[in-house]
*Asks:* 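I'd like to ask some things about the structure below.
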Number of protein chains: 2
Amino acid sequence: MNARTRTEERVPLLQAHPGFDRDERGSCPMRDVLDRIGDSWSLLVVINLQERPVRFNALKRSIEGISQRMLTVTLRSLERDGLVRRTVKPTTPPEVEYALTEVGQSIAVPIGALGLWAAQNRDLLVRARARFDAENA
Amino acid sequence: MNARTRTEERVPLLQAHPGFDRDERGSCPMRDVLDRIGDSWSLLVVINLQERPVRFNALKRSIEGISQRMLTVTLRSLERDGLVRRTVKPTTPPEVEYALTEVGQSIAVPIGALGLWAAQNRDLLVRARARFDAENA
DNA sequence: CAGCATCCCATTAGATACTG
DNA sequence: CAGTATCTAATGGGATGCTG
């Protein structure tokens, strides 16, 4: 989301890995996709939508620490990329529901795998970090 | 990497998902790990180290667009978390090799899955984005 | 409820110059 | 080669106030 600026004039790429090579159009898919979902909140939003559609404020509550602004921005970005669908029921007060699209569901799989890894290995990282900081005192 | 500030005083969490819940220590593993490897460059660095150890400048060349500074910072952060090991051969000129640790290799798996998804679905995102922009003209 | 608009400061990261 | 140090432009993102 942030790297748009860079990306436009930098021709980013990543080489020598099957699937990560510079492609026909001359840019790296990984870099390209990372620019979209590689920010602080996108992954968490996707995970929170994985099981069922969620309304705006419910989503905001389940992702503690996210501001209204960032949730709006993130959702808009995901919608733009076709990962999330926004549905408005014209009631009063309005009821807006966000759901993963088909594509959104499919990216939720690898993201979920990463999340699982996070849950299982966090302690390792915490300890490694503590040791590193101790050694470099 | 950036969200350290937030994390310290925000008690971030994510609820109602197996593996992503607030844990015993009261914070969300996903958020926690994302703060470490969720930046623009970490994932790309990990992928580039997946197959073999790589030296500093070689790494810099394979990740087009990364600045020397950001490569240094990213590598230091990964090393701190125990995902990357730095080996210096005291020759002249110095020869510094970066390699994934055991833990680094293990995170490379889900990251690779995400990368593969990126490679396979980028076109979809590009088209979705174009359509969205067209509709909101 | 579900946003949008604005202000504004902290952080990020590129550019540049220097070193063992 | 493999960095470090410094400066600065740009960005991200919180806070706040307003709306249909």
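Since the model is a prediction, treat every value here as computed from it, not as a measurement. All chains are named by letter (A, B, ...) in the order of the sequence lines, taking the proteins before the strands, and each is independently numbered beginning at 1.
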*Asks:* Specify the residue among Glu95(A) and Pro93(B) whose closest nucleotide of DNA chain C lies further upstream toward the 5′ end.
*Replies:* Glu95(A)

*Asks:* Could you go step by step and tell me if Trp117(A) and Val33(B) meet the side chain to side chain contact (heavy atoms under 4.5 Å, CB included) rule?
*Replies:* CA-CA 9 Å; Trp117(A) 188 95; Val33(B) 173; 4.1 Å; yes

*Asks:* Side chain to side chain contact (heavy atoms under 4.5 Å, CB included) between Asn48(B) and Val54(B): does it pass, once the steps are laid out?
*Replies:* CA-CA 8 Å; Asn48(B) 272 276; Val54(B) 187; 5.8 Å; no

*Asks:* Taking side chain to side chain donor-acceptor pair (under 3.5 Å) as the cut-off, I'd like each qualifying pair that reaches into residues 93-105 of chain B, sequence neighbours left out, listed once.
*Replies:*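 Sorted pair list: Arg86(B)-Tyr98(B).
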
*Asks:* One thing to verify: whether Arg129(A) and Asp133(A) come together as a salt bridge, which I'm taking to mean a side-chain N less than 4.0 angstrom from a carboxylate O.
*Replies:* no

*Asks:* Could you state the atom-to-atom distance from CD of Glu97(A) to P of dA2(C) in whole Å?
*Replies:* 10 Å

*Asks:* Could you check Ala58(B) against Arg69(B) and say which one's nearest nucleotide on DNA chain D is further toward the 5' end?
*Replies:* Ala58(B)

*Asks:* If I take atom CZ in residue Arg86(A) and atom P in nucleotide dG3(C), what distance separates them, rounded to the nearest angstrom?
*Replies:*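 Going from Arg86(A) (CZ) to dG3(C) (P), I get 5 Å.
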
*Asks:* Is any side-chain nitrogen or oxygen of Ser40(A) closer than 4.0 Å to OP1 or OP2 of dG13(D)?
*Replies:*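 Yes, Ser40(A) has a side-chain N/O under 4.0 Å of OP1/OP2 on dG13(D).
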
*Asks:* Calculate the interatomic distance between Glu79(A) atom CD and dA2(C) atom C1'; express it in whole Å.
*Replies:*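 The answer, rounded to whole Å, is 13 Å.
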
*Asks:* Could you tell me how far apart Tyr98(A) (OH) and dG3(C) (C1') are, to the nearest whole angstrom?
*Replies:* 8 Å

*Asks:* Nearest-Å distance, CE (Met70(A)) to P (dA10(C))?
*Replies:*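 Between P of dA10(C) and CE of Met70(A): 18 Å.
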
*Asks:* Whole Å only: how far is the CZ atom of Phe56(A) from the C1' atom of dC4(C)?
*Replies:* 10 Å

*Asks:* Output the rounded distance in Å from CG (Asn57(B)) to P (dG3(D)).
*Replies:*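 Taking atom P of dG3(D) as the reference, CG of Asn57(B) is at 9 Å.
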
*Asks:* Could you tell me how far apart Arg76(A) (CZ) and dG13(D) (P) are, to the nearest whole angstrom?
*Replies:*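 My rounded result for the distance is 17 Å.
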
*Asks:* Answer with yes or no whether Gln68(B) presents, from its side chain, a donor or acceptor under 3.5 Å of a partner atom in the base of dC1(D).
*Replies:* no

*Asks:* If you check the Arg55(A) side chain, which of dC1(C), dG14(D), dG3(D) turns out closest?
*Replies:*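 Closest of the options to the side chain of Arg55(A): dC1(C).
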
